[in-house]
2 protein chains.
Amino acid sequence: MTQPARPGVRSGEQLLFLTDDQLRQGIELMFFAYRDFTADPDRILDAHGYGRAHHRVLHFVNRRPGLTVNELLAILAVTKQSLNRVLRLLVEDGLVASRVGRRDRRQRNLTLTETGRALEAELSAAQQARMRRAFSAAGPEAVQGFRQVLEQIIDPEMRGRIDRLLERRE
Amino acid sequence: MTQPARPGVRSGEQLLFLTDDQLRQGIELMFFAYRDFTADPDRILDAHGYGRAHHRVLHFVNRRPGLTVNELLAILAVTKQSLNRVLRLLVEDGLVASRVGRRDRRQRNLTLTETGRALEAELSAAQQARMRRAFSAAGPEAVQGFRQVLEQIIDPEMRGRIDRLLERRE
DNA sequence: CTTGGAAAGTCAACAAGGCTGACATAAAAT
DNA sequence: ATTTTATGTCAGCCTTGTTGACTTTCCAAG
């Protein structure tokens with residue numbers, strides 16, 4: 001995965017990190033890393049009869065307990081039909097609780113049950129273990145760069161929406 | 001996406017970048033960034049009647065012209081039935097050429113046709129544009145860290161296999 | 001030279017998880 | 001009183017992954 005800069009294609013400035021080779025390498029790294037990044041939770045999910053979509057719901061409901069369906073839809077950016085299919089199963093199976101909103105009774109506030117928290121913790125542990133090893137091996141400065149680049153890859157509007165939905169809570 | 005380190009959970013050393021919050025943030029960034037990262041080519045592919053799986057084939061065949069089916073299978077890590085479905089269409093449509101190997105006539109050497117190269121270039125341009133903007137905004141040192149962390153996320157065996165298949169050519 | 005195994009291709013069936021479109025109900029907002 | 005919003009649901013389609021079974025071609029080792 002490591003390749004020397006192409007000789008002779010040197011621009012006048014320090015822009016060697018923007019060569020086609022570097023960009024291609026970044027693109028391929030995203031593909032391979034994302035695949036392995038999802039592999040550990042996928043195995044666990046499979047053993048429990050769930051899929052990656054269920055993982056996402058568990059993650060974000062755990063992340064923001066009391067989240068509404070609409071907020072979850074905005075985060076996941078899928079159709080409500082698609083979300084509903086996995087959410088319904090999680091509610092039926094007793095991993096997610098769906099309660100009528102107090103202020104707005106049309107809304108449903110989602111939380112994890114004890115069982116849901118347990119599975120979420122198991123999935124999270126696996127994913128965090130891989131991330132921790134990677135962070136650890138790469139070092140704090142690399143982690144800083146990793147975050148900066150990934151943030152920039154995200155659409156600006158989506159960046160704002162995520163901040164609104166996940167960070168600042170009214 | 002930015003959150004302060006939790007107070008009180010400070011280990012004696014400089015391991016603050018390994019806190020649960022930092023790991024969780026890294027995990028979420030992978031999810032959001034990968035999604036937007038694939039969005040541009042997905043739109044183009046859709047307009048041409050292809051999917052993400054076709055993109056991967058075009059990418060790696062372009063990357064290593066003459067690649068065999070087995071090598072491609074090893075890179076993509078899918079079943080041959082799954083690969084064959086998309087590969088067959090690309091060959092039928094005249095984007096990929098499949099030629100009997102010279103040394104080993106059981107093998108098929110895959111290359112892009114002119115049409116295939118054109119679509120690959122279009123897809124690549126879109127993906128590179130996003131990556132270039134991100135790299136540019138984050139700067140060369142961040143890019144270095146980005147690469148280091150992603151490399152570490154990949155399974156070591158897969159890392160070796162990729163190097164063998166994509167870098168060193170006999 | 002024969003035979004075993006490797007490379008490629010194919011058929012069938014299934015599952016996950018996206019999508020669209022059409023509707024239904026309850027509750028809030030106007 | 002009416003319209004809009006939040007949620008849920010049915011039905012059907014598509015892509016892309018899976019397993020399992022089987023064939024053809026061809027290399028390589030006995």
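Letters A, B, ... are given to chains in the order of the sequence lines, protein chains preceding strands, and every chain is numbered from 1.
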Whole angstrom value for the distance that separates [atom2] of [N] from [atom1] of [X]:
| X | N | atom1 | atom2 | answer |
| --- | --- | --- | --- | --- |
| A:Arg52 | D:dT18 | CZ | P | 11 Å |
| B:Leu45 | D:dT15 | CG | P | 12 Å |
| B:His54 | D:dG17 | NE2 | C1' | 13 Å |
| A:Leu87 | D:dT9 | CG | C1' | 13 Å |
| B:Leu83 | D:dG17 | CG | P | 9 Å |
| B:Asn84 | D:dT15 | CG | P | 16 Å |
| B:Arg108 | D:dC27 | CZ | P | 11 Å |
| B:Tyr50 | C:dG18 | OH | C1' | 21 Å |

Practice task
Decide yes or no for A:Arg108 and A:Thr68: does some side-chain heavy atom of the first lie under 4.5 Å from some side-chain heavy atom of the second?
Solution key: no
Contact check, residues 88-95 of chain A vs DNA chain C, heavy-atom distance under 4.0 Å, returns none
For a quick test of your reading: what N or O donor-acceptor pairs under 3.5 Å do the side chains of residues 87-102 of chain A make, sequence neighbours left out?
unit_1, atom_1, unit_2, atom_2, d
A:Asp93, OD2, A:Tyr50, OH, 2.4
A:Arg99, NH2, A:Thr111, OG1, 3.0

Exercise. Determine, using ring centers only, whether A:Phe135 and A:Phe146 are less than 6.0 Å apart.
Key: yes
- Between A:Tyr34 and B:Phe32, does the ring centroid distance fall short of 6.0 Å?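 Centroid distance A:Tyr34-B:Phe32: not below 6.0 Å, so no.
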Heavy-atom contacts, protein to nucleotides 19-30 of chain C, under 4.0 Å, summarised as B (base), S (sugar-phosphate only) or - (none) per nt, yield BBBB----BS--
Test: [X] and [Y] ion pair at under 4.0 Å:
| X | Y | answer |
| --- | --- | --- |
| A:Asp21 | A:Arg24 | yes |
| A:Glu167 | A:Arg63 | yes |
| B:Arg117 | B:Glu114 | yes |

Only one of A:Arg130, A:Arg35, A:Arg133 passes salt bridge (charged side-chain N to carboxylate O under 4.0 Å, His left out) with B:Asp155, and that residue is A:Arg130
Per side-chain contact (heavy atoms from CB on, under 4.5 Å), A:Ile75 is matched among A:Ile162, A:Leu67, A:Asn70 by A:Leu67
task = Check whether any side-chain nitrogen or oxygen of B:Asn70 sits under 4.0 Å from OP1 or OP2 of C:dA8, and answer yes or no.
result =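 Answer is yes, contact under 4.0 Å.
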